[in-house]
Amino acid sequence: MDKIYDHTKVEEPLYKEWEENGYFKPEVNPDGQPYSIILPPPNANAPLHFGHAMYVIEDILVRYHRMKGFKTLWVPGADHAGFETQFVFEKKLATEGKSRFDYDRETLYKMILEFVQGNRPVMEGQLKKLGFSLDWSRKKMTIDPEIVAIVYKNFKKLYDDGLAYRAKRLVNYCTFDGTSFSDLEVIHEERKSPLYYIKYGPLVLATTRPETKFGDTAVAVNPKDTRYQEYVGKELDIETVLGSAKIRVVADDMVDMEFGTGVVKITPAHDFNDFEVSKRHDLPLKQVIGFDGKMNEHAGEFAGLYVKQARRAVVEKMQEKGLIEKIDENYQNRVGLCYKCKNILEPLPLEQWFVKMEPLAKPAIEAVKNPSASSGQVKIHPKSFEKLYFQFLENIRDWNISRQVVWGIRIPAWYKVSGNEGRIAVSFIDKNGEFHPSQPIRQALEEGSSFEEIEKGIQRLRIPQYETEGNQPDIEISSTKPTDGLWIQDTDTFDTWFSSSQWPFATLMTSGENDYETFYPTSVMETGYDILRWWVARMVMMGIYATGKVPFKHVVLHGLVNDPLGKKMSKSKGNVVNPLELVDQYGADAVRFALVYGTALGNDQVLSYPKLEAARRFTNKLWNIARFIEMNKVSSIKYQVLSIEELKKMAIHENDKIWIEKVEKWTLQVTDYIDKYQFNLAADNLYENIWHGFADFYIEDVKQRIDPNSYVILNTLYIILLKILHPMMPFVTDEIYRKLTGSEKSLMIESWPII
RNA sequence: GGACCCGUAGCUCAGUUUGGUUAGAGCGUUGCAUUGACAUUGCAAAGGUCACAGAUUCGAGUUCUGUCGGGUCCACCA
């Protein structure tokens with residue numbers, strides 16, 4: 001044996017051997033109880049970050065259960081990551097002086113697909129370098145056709161059950177990225193927004209958005225407000241920057257009498273609260289900002305200006321006309337920003353697909369609260385995160401699952417536009433590249449455009465705008481294209497999280513024969529607490545909805561890994577540390593160990609180089625313990641597996657007996673800690689006892705008196721310690737195991753020392 | 001406005017679920033030893049009012065209440 005442990009010589013060949021021998025497959029324990037984990041699929045397009053390295057927790061659980069004899073399956077996968085990936089791709093296009101508008105839909109999709117497929121092996125290679133015992137023969141991606149088929153099936157089921165519906169609603173829309181988002185994706189930021197006090201006839205109201213006034217369809221006051229009683233229900237004649245106009249006054253509880261003047265302008269098309277008010281008072285929706293972020297024709301002379309420019313121009317004009325009473329320049333409010341490009345999001349009315357959440361949320365709450373829930377129970381670790389889970393589900397709003405991006409699973413809703421049923425008007429771009437807003441298709445056909453040309457125009461269009469004359473569009477939900485007549489498929493794609501919410505069962509239903517029957521519900525879902533609401537809660541909801549059973553029995557949540565200074569790692573800050581560089585430097589075992597050592601589950605941790613170095617030295621210590629044993633080897637004695645009980649019987653020296661009992665105790669403790677997901681305590685226990693117990697005292701003691709009897713005990717005890725350390729440090733333990741036992745078989749498929 | 005987490009050695013963190021000798025680790029600091037199985041390692045030392053104030057208890061780092069400080073999330077602000 002070399003004097004020093006060199007991980008670079010050991011890790012890669014060992015992983016290859018494990019994989020080639022099929023050790024990662026559940027079939028190594030064909031008769032065991034099933035134990036399964038679905039890997040949270042990393043973005044296929046991006047290299048791993050430290051959050052992914054935390055999946056070491058899953059590998060620990062998987063290796064531990066495999067050694068305990070469970071039929072263990074860990075399924076790898078990749079996420080197409082819809083908008084995220086398209087955003088990255090568009091940035092790449094931009095460096096080439098191109099944009100998404102230069103390509104039609106199919107071409108753009110194909111280009112992104114190629115881009116992603118080219119990058120995917122990077123991520124997968126990294127998971128292998130970390131030693132993860134994933135069954136690669138079962139790997140999946142969220143856009144695999146068989147997965148998409150399941151996603152479509154459940155979308156149809158939601159639709160048939162009245163839970164998926166299409167509606168024109170206000171959505172958070174990024175006019176730069178050209179797509180809407182769900183509530184969760186919006187980030188809020190404190191901004192200084194001047195508050196303008198504007199005269200509306202006899203009334204004065206305060207607003208931060210004077211440019212939206214063209215979309216006002218009422219003003220509102222609180223019904224209890226005695227100051228304005230006389231106006232309620234009346235129509236006011238007001239002077240505006242575009243001349244005189246009439247406006248209704250309504251009374252609504254939503255108005256805070258204390259704020260501003262107690263009078264609010266109601267702009268249903270551009271404000272979420274106002275939209276709600278408009279529904280209560282049956283007010284019309286008047287959109288004055290387009291999806292391109294510019295004022296539209298309703299804004300008169302201001303049409304064509306971007307929102308920011310329009311605000312300045314409108315205020316200037318108002319001041320000229322004496323319509324502004326005062327301006328509070330220091331007013332602070334929170335604005336919604338695009339989480340990707342940080343532009344201010346516009347609330348805009350758009351036909352979108354929504355999922356009704358309340359009926360889905362109820363059983364998901366039940367599944368965590370009630371141990372005897374009919375779906376089975378989900379337990380969250382650490383328990384403190386339950387509150388966050390309930391808080392989300394109890395206040396949940398309908399989920400906007402439409403995204404106006406190309407890279408994703410296209411929504412399988414078809415709209416009939418032919419014959420006498422052609423009730424749907426669609427904006428499209430004609431063969432000359434000219435934009436036809438909301439032009440009836442039939443008219444276009446009459447003007448000589450072919451259907452193919454129209455469809456192509458629609459595909460290239462940035463914002464699909466279906467407008468029905470009736471409330472119910474002529475819709476068909478299908479996974480295949482309808483054949484009769486002229487049909488247009490919805491141009492939107494699903495929110496990535498809509499497909500990922502179905503991941504646990506979609507993978508198992510398609511990964512192998514009987515996988516679903518055997519491994520669903522899965523045993524554990526382990527992920528970062530930051531996506532508890534985005535993903536975990538939605539998986540519980542969709543899992544119960546689609547299968548009647550919870551998707552997993554335990555949720556294990558890890559914290560974030562921050563940079564060495566404690567700051568959150570982010571590309572924009574430039575402080576991202578690549579976990580694979582550290583694997584090269586310290587070895588996978590050391591990186592794995594450092595990530596679980598010294599941090600309680602669910603807590604954030606600071607990336608610590610001293611800790612990594614300590615873990616690396618630990619691997620070296622393990623190596624040298626083995627070297628010592630090897631040097632004292634009694635060549636006539638062949639290694640054989642002996643239980644703790646057998647060792648106790650054969651022990652002669654009193655100290656040997658003591659150390660057998662100690663190792664027995666440690667084994668029980670480590671087992672218990674892993675069972676309770678207390679990995680930091682397991683790691684601490686192993687580090688402390690192996691180094692400062694076994695090595696510092698037992699070996700120092702036995703060194704003086706080694707004989708064949710003591711040698712066998714020493715060697716066997718060390719093998720037991722290697723076994724219980726193996727889930728955390730698979731490489732070095734397996735390598736040493738082979739050296740000390742001469743075994744051909746890997747430690748990873750040996751059995752856990754159960755006592 | 002609501003919720004959650006954190007505050008323990010110079011630094012980074014365990015320990016709090018289930019209250020019980022002298023509160024631990026890594027790194028750092030100081031001294032000694034060793035070329036040994038260990039590009040080291042071993043032994044030893046210094047270093048803690050466990051944020052603060054109350055309460056419960058025979059006993060509180062651990063349970064409860066409040067305060068202060070740091071962080072995160074949610075809601076929403078016309």
Side-chain angles (χ1 to χ4, degrees), chain A residues 1-6 183-184 186-188 190-191 193 195-198 205-210 212 216 219-220 252 254-256 258-267 270-274 277 331-336 381-392 394-397 529-530 532-533 559-560 562 564-568 593-594 596-615 617-632 676 678-681 683-685 687-688 691-692 695-697 699-700 702-703 714:
Chain A
M1 288 174 80
D2 294 343
K3 214 174 165 192
I4 299 300
Y5 174 64
D6 183 358
D183 300 328
L184 285 182
V186 180
I187 54 171
H188 293 279
E190 193 86 10
R191 288 278 170 95
S193 312
L195 188 62
Y196 304 93
Y197 286 76
I198 302 171
L205 56 76
T207 180
T208 54
R209 301 209 57 186
T212 62
D216 293 355
V219 296
D252 196 286
M254 151 273 207
V255 181
D256 176 1
E258 310 289 315
F259 188 90
T261 60
V263 184
V264 186
K265 70 193 206 58
I266 300 299
T267 322
H270 300 290
D271 182 280
F272 290 100
N273 276 322
D274 295 1
V277 173
Y331 180 68
Q332 299 254 347
N333 71 346
R334 291 170 71 81
V335 294
H381 311 270
K383 205 172 184 329
S384 55
F385 285 106
E386 277 184 6
K387 280 191 181 166
L388 213 67
Y389 177 88
F390 291 135
Q391 190 188 326
F392 172 59
E394 281 161 6
N395 302 300
I396 199 157
R397 290 198 278 173
Y529 68 76
D530 52 325
L532 177 66
R533 287 164 304 128
L560 309 175
N562 292 320
L565 299 173
K567 297 264 185 288
K568 194 169 174 171
F593 196 81
V596 292
Y597 180 87
T599 306
L601 183 68
N603 285 356
D604 294 350
Q605 64 175 305
V606 178
L607 179 67
S608 157
Y609 290 100
K611 205 155 93 175
L612 283 160
E613 182 54 27
R617 286 211 294 253
F618 184 43
T619 59
N620 196 47
K621 189 73 186 180
L622 294 168
W623 185 256
N624 276 289
I625 292 170
R627 234 159 72 86
F628 173 79
I629 296 172
E630 188 66 12
M631 287 167 99
N632 290 285
K676 289 181 178 160
Q678 294 177 315
F679 307 103
N680 60 315
L681 299 183
D684 190 65
N685 184 297
Y687 181 91
E688 208 45 38
W691 196 325
H692 301 301
D696 288 352
F697 290 93
I699 288 187
E700 288 307 318
V702 88
K703 201 184 254 180
L714 173 68

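Chain A is the first sequence line, chain B the second, and so forth, proteins listed ahead of strands; every chain is numbered from 1. Not measured: the values here are computed from a predicted model.
Atom CG of A:Asp696 is separated from atom C1' of B:rU40 by 13 Å (rounded to the nearest Å). The distance from atom CH2 of A:Trp691 to atom C1' of B:rC38 is 8 Å, rounded to the nearest whole Å. Rounded to whole Å, the distance from CG on A:Asn620 to P on B:rU40 is 8 Å. The OH atom of A:Tyr529 sits 11 Å away from the P atom of B:rC6 (whole-angstrom rounding). For the pair A:Asn562 CG and B:rC5 P, the computed distance is 18 Å after rounding to whole Å. Distance A:Asp274 CG to B:rA78 P: 10 Å, rounded to the nearest Å.
Nucleic acid contact for A:Tyr597: sugar-phosphate only, since backbone atoms but no base atoms lie under 4.0 Å from a heavy atom of the residue.
The nucleotide whose nearest atom lies closest to any side-chain atom of A:Ile699 is, among B:rG2, B:rC27, B:rA37, B:rA37. Minimum atom distance to the side chain of A:Lys3 is reached by B:rA39, of the listed B:rA14, B:rU41, B:rA39. Distance from the side chain of A:Lys703 is smallest for B:rA37 among the nucleotides B:rC27, B:rA78, B:rA37.
For A:Arg397 and B:rC76, the shortest distance from a side-chain N or O to OP1 or OP2 is below 4.0 Å. Distances shorter than 4.0 Å separate some side-chain N or O of A:Lys387 from OP1 or OP2 on B:rC4. For B:rC76, the OP1/OP2 oxygens have no side-chain nitrogen or oxygen of A:Asn333 closer than 4.0 Å.
Shown here are the side-chain hydrogen bond (donor to acceptor under 3.5 Å, both in side chains) partners of A:Glu688, two or more places apart in sequence or in another chain: there are none. Here A:Tyr529 pairs with A:Asp604 under the side-chain hydrogen bond (donor to acceptor under 3.5 Å, both in side chains) rule; sequence neighbours left out. Residues passing the ring pair (Phe, Tyr, Trp, His ring centres under 6.0 Å) test with A:Phe272: none are found, sequence neighbours excluded. The side-chain hydrogen bond (donor to acceptor under 3.5 Å, both in side chains) search around A:Thr212 returns A:Lys265, not counting sequence neighbours. With sequence neighbours excluded, the residues satisfying side-chain hydrogen bond (donor to acceptor under 3.5 Å, both in side chains) with A:Arg191 are A:Glu189.
Across B:rU8 and B:rG61, the matching C1' atoms stand 7 Å from one another, rounded to whole Å.
Taking only distance into account, the side chain of A:Glu258 never meets the base of B:rA78 through a donor-acceptor pair shorter than 3.5 Å.
A:Arg627 has no carboxylate O lying under 4.0 Å from a charged side-chain N of A:Glu630, or vice versa, which leaves the two without a salt bridge.
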Review point. Under a cut-off of 3.5 Å for both distances of each Watson-Crick or G-U pair, what dot-bracket string does RNA chain B give, using [ ] for crossing pairs and | for inter-strand pairs?
Key: (((((((..((((......[...)))).(((((.......))))).....(((((..]....))))))))))))....

